[in-house]
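Okay, so here's the structure we're looking at.
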Amino acid sequence: MIFLTKRNYVAITTDKFIQQLLKGRISIYQFLRNPNEENRKIVIENFKQLDNDVNTLQIVLVTQRNKVLCDEILAFSKDYISDFESLSEKRIIEYANGAIIEADDIKNK
């Protein structure tokens with residue numbers, strides 16, 4: 001019975017962090033449409049929550065493969081937010097200076 005409960009918990013938690021990932025991606029889209037500091041903070045907070053959800057799940061996982069997958073998710077999230085932070089600073093400045101269309105280097109990133 002404990003195994004089934006733990007398995008259900010893992011399934012529910014996995015679904016939760018998938019939803020959080022989607023929420024993070026939507027917030028990035030919203031930032032790109034309206035690049036400002038408030039939207040930037042929302043993106044960062046959404047990805048912090050995703051990281052927290054993955055860390056919470058990782059604690060209860062048993063198989064090494066699943067733990068490694070969580071480590072990979074966390075590493076990708078860290079890289080993604082790092083790229084976003086450098087991109088967002090530049091984009092906020094450009095947008096504030098009237099550049100509605102993104103520069104090519106930002107589009108490529």
When rounded to the nearest 0.5 angstrom, what is the spacing between CG in Asn97 and CD1 in Ile92? 12.0 Å

Does Ser86 use its side chain to pair, donor to acceptor, with the backbone of Asp83 at less than 3.5 Å? yes

Considering only heavy atoms from C-beta outward, does the side chain of Leu57 approach that of Phe17 to under 4.5 Å? yes

Transitive ILVMFWY side-chain link Tyr9 to Leu50, under 4.5 Å: yes

Before giving the answer on side-chain contact (heavy atoms from CB on, under 4.5 Å), spell out for Lys41 and Glu37 the whole-Å C-alpha distance, their side-chain angles and the decisive distance to 0.1 Å. CA-CA 6 Å; Lys41 287 178 184 177; Glu37 189 58 33; 3.6 Å; yes

Please tell me if the side chains of Asn66 and Leu69 come closer than 4.5 Å, counting only heavy atoms from C-beta onward. yes

Is it true that Val60 and Ile73 fall in one hydrophobic cluster, defined by side-chain heavy atoms closer than 4.5 Å? yes

Worked verdict on Phe84 versus Phe31 for ring-ring contact (aromatic ring centres under 6.0 Å, His included): CA-CA 10 Å; Phe84 173 76; Phe31 169 83; 5.0 Å; yes

Does a salt bridge link Arg91 with Glu94, judged by any charged N lying under 4.0 Å from a carboxylate O? yes

Connected via hydrophobic side-chain network under 4.5 Å: Ile26 and Phe47: no

Side chain to side chain contact (heavy atoms under 4.5 Å, CB included) partners of Leu74, counting only residues at least two apart: Asp51, Val54, Asn55, Gln58

Pair Asn34, Gln30: side-chain N/O donor-acceptor within cut-off below 3.5 Å: no

Any side-chain heavy-atom pair of Arg40 and Glu85 under 4.5 Å: yes

What's the separation between atom CG in Asp53 and atom NZ in Lys48, rounded to the nearest 0.5 Å? 14.5 Å

How close do Lys67 and Val62 get, heavy atom to heavy atom, and via which atoms? CE-O, 4.1 Å

So, Gln20 side chain and Asn46 main chain: donor-acceptor pair closer than 3.5 Å or not? yes

Do Asp79 and Ser82 have side-chain N/O donor and acceptor atoms under 3.5 Å apart? no

Are the side chains of Val43 and Asn39 in touch, meaning some heavy atoms are under 4.5 Å apart? no

Is it the case that one hydrophobic cluster holds both Ile42 and Leu22, taking links as side-chain heavy atoms less than 4.5 Å apart, direct or via other members? no

How long is the span from the OG atom in Ser77 to the CG atom in Leu21, to the nearest 0.5 Å? 8.5 Å

